[in-house]
Amino acid sequence: MTAPGWTLFGLHRQRGRVAMNAMGVLAERQGVVHDFWKPYYRFTGVHALCHAHLLRDLTRVIETTHEAWAQRLQTLLVAMHRVAETARDAEQAEIAAPVRASYRALYDRYVGQGRLRHPEPEPVPGQRRRPQRTFPQNLLRRLETRPDEILAFFYDLRIPFDNNAAERALRMIKVKQKISGTFRTEEGGTQFGTLRSDIVTAIQQGLHPLAVLRNALAGKAWMPE
């Protein structure tokens, strides 16, 4: 779990809501940026969807269907990101309402164009099970039903465009797991998570991680702000 200024790694036998509750963080947070994984929706607060994942999903649609709506929507989201970054750099409280409305209208237009190309599958008479959706149909359903979560970064400049900070922080854990070998005991994994939490958080707060670890070994543990 990563937020501005700190990162926390935890070890658990499960990877869903039980594990996240055991870490004791998300239930106390006011919101989370995530990749549309269903267990996150068990927590209340603001949900914002990661655009690194969404842009990759649109790229998949572009490469497989060559349809203009997906390319237009991908270009639009990138442009909205630039507008939000410019407003944030200028220390604006928010993007002007007319600007937000104009971009939202384009978003709705392109999603509507996509839906014309990929309508919802019709139920099959005599079958209770709904027909399986294609990848573009599933993506369009998300775009239609969760626009506030997808455009949250544009409405609230405190919300990041993606969760790449968490992905970068997790990369060393995956390297340890896949290349260096997994942990032999839960205690070892927990200790590794604690060390990585301290190292990444120290870097985020502008401190030298070796100095932080040295002070901890000397009995002068650092507590992040």
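Source: prediction; values computed, not measured. Side chains are part of it too, since the values below use all heavy atoms of this structure and drop only hydrogens, waters and symmetry mates.
The aromatic rings of F161 and H51 lie parallel to each other, their planes meeting at an angle below 30°, with 60° marking the opposite boundary.
Side-chain contact between R141 and R146 is absent, with no heavy-atom pair separated by less than 4.5 Å. Here the side chains of L54 and L77 are in contact, with some heavy-atom distance below 4.5 Å. Under the 4.5 Å side-chain criterion, counting only non-hydrogen atoms from C-beta, Q137 is in contact with P121. Proximity of L73 to L106: side-chain heavy atoms (C-beta onward) are nowhere separated by under 4.5 Å. The shortest side-chain heavy-atom distance between L210 and I199 does not fall under the 4.5 Å cut-off. No side-chain heavy atom of W69 sits less than 4.5 Å from a side-chain heavy atom of L116. Looking at heavy atoms from C-beta onward, R115 lies out of side-chain contact with V111 at the 4.5 angstrom threshold. Counting heavy atoms from C-beta on, the side chains of Q71 and H66 never come closer than 4.5 Å.
Heavy atoms only, all atoms of each residue included: M80 and Y103 are closest at CG-CD2, 3.4 Å. Residues C50 and D162 come closest through the heavy atom pair SG-CB, 3.6 Å. L140 approaches G114 most closely through the heavy-atom pair CD1-O, 3.3 Å.
Side-chain contact, E67 with H118: a donor N or O sits under 3.5 Å from an acceptor N or O.
The residues R142 and E149 are annotated as not salt-bridged, no charged nitrogen and carboxylate oxygen being separated by less than 4.0 angstrom.
In this structure, the separation between CG on L207 and CG on D198 is 11.0 Å, given to the nearest 0.5 Å.
Partner of F154 under the side-chain contact (heavy atoms from CB on, under 4.5 Å) criterion, out of R104, H81, R100: R100 alone.
The hydrophobic clustering, which links ILVMFWY residues whose side-chain heavy atoms are closer than 4.5 Å, places I62 and V78 apart.
For the pair R60 and F135, the cation-pi test (distance below 6.0 Å, angle within 45°) is passed.
Around CZ of R117, the count of heavy atoms belonging to other residues, nucleotides or ligands within 6.0 Å does not exceed 12.
The main-chain N or O of N138 is never found under 3.5 Å from a side-chain atom of R133 such that the two would form a donor-acceptor pair. At distances below 3.5 Å, at least one donor-acceptor pair connects side-chain atoms of N215 with backbone N or O atoms of A211.
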What verdict does the side-chain contact (heavy atoms from CB on, under 4.5 Å) test give for Y107 and L143, after you've listed the backbone C-alpha separation in whole Å, the side-chain angles of each residue and the deciding distance to 0.1 Å? CA-CA 9 Å; Y107 174 91; L143 293 168; 3.6 Å; yes
